[in-house]
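Chain naming here is simple, since letters A, B, ... match the order of the sequence lines and numbering starts at 1 in each. The basis for the numbers below is simple: all heavy atoms, side chains too, and nothing from hydrogens, waters or symmetry mates.
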Amino acid sequence: MAHRFALTVEGDLAALGRAQRALERWVEAAELAPRPAYRAQLVFEEIATNVLKYGWGEGEGPRAVAVEIELEPEALRMAFRDRGRPFDPTAEPEPERPASIADATAGGLGLGLVRKAAAELAYRREGGENVTELRIPLAGA
Amino acid sequence: MEIQIDSSAAELRRVKLVGRLDSAGAGAVETKFNAATAGAGVDSIADLSGVTFIASLGIRMLVTAARTLAAKEKKLVLVVGEGLVAETLRDGGIDQLVPMVATAAEAEALLASG
């Protein structure tokens with residue numbers, strides 16, 4: 001069973017869909033418990049979506065985000081790299097929870113879901129790349 | 001991602017979603033979902049019991065429809081059993097904004113009670 005998953009998503013959200021199928025097959029082959037398997041796919045979806053949608057301005061690119069996942073005894077370690085505009089997810093303020101559905105905004109949920117799913121979230125800018133790393137515990141599944 | 005729309009009742013839409021409600025899934029059904037719920041402007045039930053995965057773009061689709069319906073004094077009720085999809089909706093605070101129940105019968109009772 002492979003302990004490492006690595007893939008680069010290039011282009012748009014259609015490419016992300018294909019990458020998700022590949023990750024889905026990997027978490028099945030790795031026989032992960034349901035919760036970490038789900039969280040790995042959720043974090044991948046949210047971070048990759050954010051990078052591909054907002055990492056570059058109109059007409060800029062190429063748009064690409066690379067992910068590496070290492071299966072360790074107690075956790076999944078995930079690392080994302082992209083050459084888009086600098087974005088530090090650890091510096092983003094927690095969005096205010098709306099008081100009612102009338103006050104709800106359509107966006108801004110993704111980063112909150114990543115924070116809930118990840119035990120650790122770290123960011124650095126390195127060699128012109130955003131490097132976002134996090135850890136998903138295997139316990140408590 | 002599959003979407004099944006039951007429009008047999010004039011004042012109620014029952015919409016069942018099956019599959020992964022991720023960016024690709026939401027993109028595939030969003031137009032039909034919005035037309036069937038917010039566009040119709042009637043109380044609506046979104047049955048998510050067949051949804052195996054949900055991410056923020058899928059949640060956004062549900063919140064947008066619920067907000068539009070609320071502006072028309074109508075409701076969207078989500079049917080979602082216990083599991084990781086329900087956990088994700090709670091993590092996003094959606095259970096505080098949109099009613100979540102376990103069965104379609106509970107959803108209909110909730111809408112009937114006003």
Exceeds 12 heavy-atom contacts within 6.0 angstrom, atom CD of A:E96: no
Within 6.0 Å of CD in A:E72, more than 12 heavy atoms from elsewhere: yes
Minimum side-chain heavy-atom gap B:R90-A:K116 below 4.5 Å: no
Nearest non-hydrogen partners of A:P34 and B:L84, listed with the distance: O-CD1, 3.5 Å
Which portion of A:L42 sits near chain B, non-hydrogen atoms under 4.5 angstrom: both
Closest approach of A:R97 to B:G93 (non-hydrogen atoms, all atoms of both residues): NH1-CA, 3.4 Å
Closest approach of A:L113 to B:G92 (non-hydrogen atoms, all atoms of both residues): CD2-N, 3.9 Å
CA sep, side-chain torsions, deciding dist, call: B:L57, A:K53, side chain to side chain contact (heavy atoms under 4.5 Å, CB included): CA-CA 12 Å; B:L57 289 180; A:K53 285 182 77 174; 4.0 Å; yes
A:Q41 versus chain B, the contacting section by heavy-atom distance below 4.5 Å: both
Expected output: side-chain A:E46 to main-chain B:A55 donor-acceptor under 3.5 Å: no
Closest heavy-atom pair and its distance - B:I54, A:Y38: N-OH, 3.0 Å
B:E87, part contacting chain A, at a heavy-atom distance under 4.5 Å: side chain
B:E11 atom CD, over 12 foreign heavy atoms within 6.0 Å: no
Within one Ile-Leu-Val-Met-Phe-Trp-Tyr cluster: B:V80 and B:I45, side-chain cutoff 4.5 Å: no
Choice from B:V85, B:L69, B:L62 maximising heavy atom contacts with chain A below 4.5 Å: B:V85
ILVMFWY cluster, B:I3 and B:V79 together (side-chain gap under 4.5 Å): no
Shortest non-hydrogen separation from A:G17 to B:A24 and the atoms involved: CA-CB, 4.4 Å
Non-hydrogen side-chain atoms of A:T49 and B:S56 separated by less than 4.5 Å: no
Non-hydrogen side-chain atoms of A:I101 and B:L76 separated by less than 4.5 Å: no
Shared hydrophobic cluster, B:I5 / B:L78 (ILVMFWY, side-chain heavy atoms < 4.5 Å): yes
Gap separating the CD atom of A:E24 from the CZ atom of B:F53, nearest 0.5 angstrom: 8.5 Å
Which atoms of B:T52 approach chain A - backbone, side chain, both or neither, heavy atom under 4.5 Å: backbone
B:L89-B:V51 co-clustered via ILVMFWY side chain contacts under 4.5 Å: yes
B:K32 atom NZ, over 12 foreign heavy atoms within 6.0 Å: no
Heavy-atom proximity to chain B below 4.5 Å, by part of A:S100: backbone
More than 12 heavy atoms from other groups under 6.0 Å of CD on A:E28: yes
Heavy-atom proximity to chain B below 4.5 Å, by part of A:R18: neither
In one Ile/Leu/Val/Met/Phe/Trp/Tyr side-chain cluster, 4.5 Å: B:L111, B:V42: no
